[in-house]
Amino acid sequence: MSTATQTCNAYLRPLRDAMDVLGGKWKIPIIMLLSIKERRFKEIQREIGVTAKVLSAELKDLESHELVRRTVYDTVPISVEYALTDYGRTLERVIGEIREWGVHHRERILERA
């Protein structure tokens, strides 16, 4: 493998890793929502408009990457709350930058229309 290929792979591998964790339609909106405050499952589902099955899978995946914390409260009925971990909060700046880029991109595209 050439040095150029190794350099390219070393640059792209972390990007691929990040995209694997954050990729898809729902993970970034979930993180953004939880960055405001912790929420219950149904609140997240209602606010971003995702099915229960998909939301459950996405939350489990975010938990496995230590970005989201799931807390079960011993109430009747049992209540579960989701919150960003400190590690998950490290994404707030990154997601904020992506959002900002999206705002400018939308303005640019709408100006052409």
Side-chain angles (χ1 to χ4, degrees):
M1 190 179 310
S2 73
T3 304
T5 302
Q6 289 174 333
T7 302
C8 185
N9 284 339
Y11 184 80
L12 290 176
R13 186 171 294 119
L15 184 57
R16 281 191 203 118
D17 291 345
M19 293 305 294
D20 285 345
V21 173
L22 300 174
K25 184 176 180 180
W26 303 109
K27 288 181 183 155
I28 289 178
I30 291 167
I31 292 168
M32 202 168 129
L33 193 61
L34 293 177
S35 73
I36 299 166
K37 71 175 188 126
E38 64 278 345
R39 291 197 168 51
R40 291 184 177 176
F41 186 91
K42 286 288 188 184
E43 289 177 296
I44 300 169
Q45 184 182 11
R46 190 173 35 252
E47 291 190 46
I48 64 174
V50 61
T51 67
K53 182 179 178 180
V54 170
L55 179 57
S56 179
E58 297 290 47
L59 286 167
K60 284 179 186 174
D61 195 41
L62 290 169
E63 275 184 271
S64 75
H65 288 285
E66 301 177 0
L67 301 174
V68 169
R69 178 183 65 252
R70 179 180 187 264
T71 305
V72 179
Y73 295 99
D74 189 20
T75 57
V76 178
I78 291 176
S79 57
V80 179
E81 216 169 59
Y82 294 88
L84 283 186
T85 62
D86 289 340
Y87 184 53
R89 291 210 173 275
T90 65
L91 290 167
E92 289 175 324
R93 184 179 56 82
V94 174
I95 292 172
E97 289 292 324
I98 293 170
R99 183 194 170 282
E100 200 59 36
W101 183 88
V103 168
H104 295 297
H105 178 68
R106 176 175 289 276
E107 289 170 357
R108 179 183 176 121
I109 296 304
L110 291 176
E111 285 174 4
R112 290 191 332 202

With a 3.5 Å distance limit and no angle check, can you tell me whether [X] reaches the backbone of [Y] through a side-chain donor-acceptor pair?
| X | Y | result |
| --- | --- | --- |
| Ser56 | Lys53 | no |
| Arg70 | Val68 | no |
| Arg89 | Ser35 | yes |

NE2-CZ distance between His104 and Arg99, expressed to the nearest 0.5 angstrom: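 The NE2 atom of His104 sits 9.5 Å away from the CZ atom of Arg99.
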
Between atom CG of Leu91 and atom CD of Glu97, what is the distance when rounded to the nearest 0.5 Å?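 Result: 13.0 Å between the selected atoms.
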
Do Leu59 and Phe41 have side-chain heavy atoms sitting under 4.5 Å apart?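 Leu59 vs Phe41: side chains touch.
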
For residues Glu92 and Leu84, determine if any side-chain heavy atom of one lies less than 4.5 Å from a side-chain heavy atom of the other.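 In short, these two side chains touch, coming nearer than 4.5 Å.
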
Single-linkage hydrophobic cluster [X]~[Y], side-chain heavy atoms < 4.5 angstrom:
| X | Y | answer |
| --- | --- | --- |
| Val72 | Ile44 | yes |
| Val94 | Leu12 | no |
| Leu55 | Ile78 | yes |
| Val21 | Met19 | no |

Looking only at heavy atoms, which two atoms of [X] and [Y] are closest? And how far apart?
| X | Y | answer |
| --- | --- | --- |
| Lys37 | Arg39 | O-NH1, 2.9 Å |
| Ile95 | Met32 | CG2-SD, 4.3 Å |
| Glu63 | Tyr82 | OE1-CE2, 4.2 Å |

Please determine whether the number of non-hydrogen atoms from other residues, nucleotides or ligands lying under 6.0 Å from atom CG of Asp86 exceeds 12.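 No, not enclosed.
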
State whether Glu43 and Arg40 are salt-bridged, where the test is any N-O pair (Lys NZ or Arg NE/NH1/NH2 against Asp/Glu carboxylate O) under 4.0 Å.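 A salt bridge is absent here (no side-chain N lies under 4.0 Å from a carboxylate O).
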
Can Leu67 and Leu34 be said to form a side chain to side chain contact (heavy atoms under 4.5 Å, CB included), step by step? CA-CA 10 Å; Leu67 301 174; Leu34 293 177; over 6 Å; no

Please assess Val50 against Glu58 for the test side chain to side chain contact (heavy atoms under 4.5 Å, CB included), listing each intermediate value before the final yes or no. CA-CA 10 Å; Val50 61; Glu58 297 290 47; 5.9 Å; no

Worked check of side chain to side chain contact (heavy atoms under 4.5 Å, CB included) between Leu22 and Ile31: CA-CA 9 Å; Leu22 300 174; Ile31 292 168; 3.7 Å; yes

